[in-house]
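A short write-up of the structure that comes next.
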Amino acid sequence: MKKDLMKILRGSLDSIGVSPMPDIEIEIPKAVSFGDLSPPVAMGLAKQLKKSHREIAGDIVNSIKDSNIFEKIDIAGPGFINFTFTREYLYSSLKSLLSGRKSFLREEVGNNRRVLVEFVSANPTGPLHIGHARGAAVGNALCNLLEESGFEVEREYYINDAGRQIKMLALSVYSRYQQLVGIEAGFPEDGYRGQYIDEEAAELYSQVKERYKGVPFQECEEEIGGWAYSRMMELIKKDIACFAVKDFSNWVSEKDLYEKGDVSRAIKELEDKGFIYGKDGAVWFRSTAFGDDKDRVVIKSDGEYTYFASDIAYHRNKLERGFDVIIDIWGADHHGYIPRIESVMKAFGYDISGFRVILVQMVNLLKDGSPLQMSKRAGNFVTLSEVVDLVGADNAKFIFLTRKSDSHLDFDIDLVTATSAENPVYYVQYANARINSIFANAEAAGIDTENMGDVGFQVLSNREELELIKKLLAYPMVLEGAAKAYEPHRITFYLQELVAMFHSYYHKYKVLTDDAGTGRARLALCGAIKIVLGDALGILGVTAPEKM
RNA sequence: GCGCCUGUAGCUCAGUUGGAUAGAGCAACUGCCUUCUAAGCAGUGGGCCAGGGGUUCGAAUCCCUUCAGGCGCGCCA
């Protein structure tokens with residue numbers, strides 16, 4: 001729909017001598033009385049052409065000749081050009097949609113550009129919690145969306161397996177293990193107190209029995225740490241799998257960056273460029289040269305690298321791999337980190353226009369309307385797998401995707417579970433199941449449900465049917481907008497609108513009527529809705545059940 | 001104190017990157033199952049887009065400012 005209008009508008013602007021060709025935006029008007037599509041292009045050109053909005057709009061309309069796809073073209077308001085398509089055009093578009101060609105549902109956004117999306121990247125010290133779940137849902141949907149919009153996408157998980165937290169994980173398990181075998185071992189002040197640590201200690205005992213009983217921590221730290229770490233990674237991968245998120249392409253290890261010498265090399269490179277200096281016995285990166293509010297330490301006075309040092313190496317590594325777009329999805333509590341990472345990228349000589357941090361706001365977990373404080377240290381957090389058990393992966397993902405990622409989200413466990421029947425995800429999925437049921441009934445009645453492209457579409461003539469067709473044809477525009485803005489949640493809202501129209505239509509008109517021609521045409525319309533539903537839900541990572 | 005995010009219906013949130021008359025879902029109230037799935041439909045009520053100033057053909061959207069909430073400001077990770 002948009003492609004066709006775009007082509008015509010370009011031709012029109014060219015013929016009235018507009019140069020250079022502006023970016024043309026095409027909007028779907030709010031009210032049906034404003035036509036089907038409406039580009040505010042005349043208003044944008046007023047200054048350049050030194051004419052009034054309506055004059056320009058008139059010129060554009062006059063220059064559009066021999067186009068038979070519009071029923072009418074109106075100039076309205078301050079200079080909107082409202083295009084209304086002919087029914088024949090809608091029918092032939094619907095037929096194209098039904099052909100099943102995916103390309104019909106896509107606008108090209110990516111042009112094979114390579115994009116790296118890093119998300120979740122939770123520390124390997126415990127199971128994923130609900131905050132990670134939100135990051136996973138957003139990241140997964142965004143990757144799917146970009147992939148479907150013509151990007152080459154790599155999904156990446158960064159493992160912080162080099163720092164103090166691994167030692168603390170080892171020490172936590174060690175302490176619980178010693179307690180288990182009857183030795184009074186003090187629990188570390190800032191150790192991980194979750195129940196899963198007890199379980200790991202028990203598992204360790206069942207595997208090695210009393211091998212480490214009374215052994216000083218220093219002597220078994222590496223063994224226990226390595227063992228616990230790999231157990232945690234298994235746990236995390238299992239959590240990700242249970243949330244039905246597509247597999248990550250890469251698992252990048254912080255430890256590897258150190259061992260390969262990437263960290264020292266990256267800092268050396270910054271030093272060569274003159275952005276590194278020593279002060280107070282420490283080594284600093286001059287991030288203030290790039291807009292950060294203070295310089296940052298990369299090597300502490302005790303000779304240890306800071307966490308930031310490996311992040312420099314990691315982002316250097318991302319840049320080296322030659323992506324056109326680099327997206328980091330972070331918890332919003334890390335937002336203060338953005339200026340220093342951007343500084344790093346600038347210091348390496350890269351234009352940061354291809355770099356984007358998407359902040360995912362914290363999930364405010366509620367129970368009975370009151371906040372549930374979560375802390376990994378205290379161990380009273382709700383894990384991702386618990387949430388999935390309680391409300392289901394589809395349900396949770398859909399909720400996360402019904403708001404933009406940087407707005408706070410109240411997730412009331414009781415509310416979501418108790419009123420799950422009223423959850424919007426069911427509303428959308430129900431439409432799919434309904435359509436499927438109609439098709440089953442049609443087949444049972446001996447109606448031909450194949451070759452939907454050959455039905456007589458002309459009988460689809462009432463207001464609801466025409467509006468449904470237009471809504472379907474707008475789908476590629478929604479995807480395009482969502483992909484350009486990196487905002488998968490737009491798809492969720494589109495789905496709710498589309499499905500609302502369908503449910504309403506379903507109640508007002510019977511699909512399988514006595515008239516065979518009407519029945520098949522309506523069936524075809526339902527088939528088209530099902531195609532779009534399946535496509536969109538697939539991008540969101542939500543299933544489209546055949547039956548409910 | 002400085003920086004970032006948020007502020008839209010009673011509640012939870014959208015708002016097509018500055019477009020036309022402000023949108024949805026819950027909750028409340030009124031109706032609809034002998035007809036393809038009632039996890040559904042039809043209808044009613046509900047707004048100083050936090051306040052104020054500016055930018056322009058046009059502002060919920062951009063700029064300034066005030067207020068309220070959240071988060072961040074380590075030689076922690």
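Quick note on labels: first sequence line is chain A, next is B, and so on, each numbered from 1. A quick note: this is a predicted structure, and the numbers were derived from the prediction, not measured.
- For Ala433(A), counting side-chain heavy atoms from C-beta on, the closest listed nucleotide (U37(B), G40(B), C75(B)) is U37(B).
- Rounded to whole Å, the distance from CD on Glu25(A) to P on G19(B) is 8 Å.
- Aromatic ring pairs are classed by plane angle as parallel below 30°, tilted from 30° to 60° and perpendicular above 60°; the pair His315(A) and Trp330(A) is perpendicular.
- One distance of note links CG of Asp333(A) with CE of Met362(A); it measures 4.0 Å at 0.5 Å rounding.
- Among the atoms of the strands shown, base atoms are found under 4.0 Å from some heavy atom of Asn82(A).
- Picking from U17(B), G15(B), U12(B) the nucleotide with the shortest atom distance to the side chain of Glu27(A) gives U17(B).
- Tyr277(A) has its ring centre no less than 6.0 Å from the ring centre of Phe285(A).
- For Asn160(A) and C76(B), the CG to C1' distance is 13 Å, given to the nearest whole Å.
- Put simply, NZ on Lys294(A) is 13 Å from C1' on C75(B), counting in whole angstrom units.
- In this structure, A39(B) makes no Watson-Crick or G-U wobble pair, since no nucleotide meets both defining distances under 3.5 angstrom.
- Across G19(B), A77(B), U37(B), the shortest atom-to-atom separation from the side chain of Pro40(A) is found for G19(B).
- Out of C75(B), A20(B), C13(B), the shortest distance to the side chain of Ser301(A) is found at C75(B).
- Put simply, CD on Gln496(A) is 12 Å from P on G15(B), counting in whole angstrom units.
- For Tyr427(A) and C41(B), the shortest distance from a side-chain N or O to OP1 or OP2 is below 4.0 Å.
- One finds a salt bridge joining Asp59(A) and Lys51(A) here, because a Lys/Arg side-chain nitrogen approaches an Asp/Glu carboxylate oxygen to under 4.0 Å.
- By the 5.5 angstrom centroid cut-off and the 30-degree plane limit, Phe34(A) is classified as stacked against the base of A20(B).
- Among the nucleotides C75(B), C57(B), A77(B), the one closest to any side-chain atom of Pro78(A) is C57(B).
- Ring orientation note: the planes of His334(A) and Tyr337(A) are nearly perpendicular, at an angle over 60° on the 30°/60° scale.
- Annotation: A38(B) and U34(B) have their P atoms spaced 12 Å apart (nearest Å).
- In this structure, Phe502(A) reaches neither bases nor backbone, as no heavy-atom distance under 4.0 Å exists between it and the strands shown.
- As rounded to the nearest Å, U55(B) and U61(B) have C1' atoms that lie 13 Å from one another.
- With a cut-off of 3.5 Å on both pairing distances, G46(B) has no Watson-Crick or G-U wobble partner at all.
- Candidate nucleotides C41(B), U12(B), U17(B) were compared by shortest atom distance to the side chain of Ser504(A), and C41(B) ranks first.
- Proximity of the aromatic rings of Phe398(A) and Tyr426(A) is defined here by a centroid distance below 6.0 angstrom, and this criterion is not met.
- Spacing between U12(B) and G52(B) at atom P, rounded to whole Å, works out to 23 Å.
- Heavy atoms of Met362(A) sit nowhere under 4.0 angstrom from any nucleic acid atom.
- Positionally, the nearest nucleotide of RNA chain B for Asn436(A) lies more toward the 5' end than for the other of Asn436(A) and Asp280(A).
- With a cut-off of 3.5 Å on both pairing distances, U61(B) has no Watson-Crick or G-U wobble partner at all.
- G15(B) and U6(B) have their P atoms separated by 11 Å, given to the nearest Å.
- Among U37(B), C57(B), G3(B), the nucleotide with an atom closest to any side-chain atom of His335(A) is G3(B).
- Counting any heavy atom pair closer than 4.0 Å across all strands shown, Asp293(A) reaches no nucleic acid atom.
- In this structure, NZ of Lys300(A) is placed 5 Å from P of C76(B), rounded to the nearest angstrom.
- No engagement by Gly481(A) is indicated, since no non-hydrogen atom pair under 4.0 Å with the nucleic acid exists.
- Within the 4.0 angstrom heavy-atom criterion, base atoms lie near Phe80(A).
- A glycosidic torsion no more than 90° from 0 defines the syn conformation; U44(B) lies beyond that range and is anti.
- Of the C1' atoms belonging to A60(B) and U8(B), the separation is 7 Å, rounded to the nearest Å.
- Residue His503(A) places its side chain closer to G40(B) than to any other of A20(B), G40(B), U12(B).
- One atom, NE2 of His408(A), and another, C1' of U12(B), lie 14 Å apart when rounded to the nearest Å.
- Set against U35(B), C5(B), G15(B), the side chain of His489(A) has G15(B) as its closest nucleotide.
- What separates CG of Leu45(A) from C1' of C57(B) is a distance of 14 Å, to the nearest Å.
- For Asp333(A) and G70(B), the CG to P distance is 15 Å, given to the nearest whole Å.
- With a glycosidic angle further than 90° from 0, C4(B) counts as anti.
- Across the strands present, G7(B) finds its partner in C67(B); the criterion is a Watson-Crick or G-U wobble pair with both atom distances under 3.5 angstrom.
- For His507(A), whose side chain is taken as the heavy atoms from C-beta onward, the closest listed nucleotide among C41(B), U35(B), C5(B) is C41(B).
- Using a 4.0 Å heavy-atom distance criterion, Ser38(A) is classed as a base contact.
- With both pairing distances under 3.5 Å, U12(B) is matched to A24(B) as a Watson-Crick or G-U wobble pair.
- A salt bridge does not link Asp36(A) with Lys2(A): none of the charged nitrogens is closer than 4.0 Å to a carboxylate oxygen.
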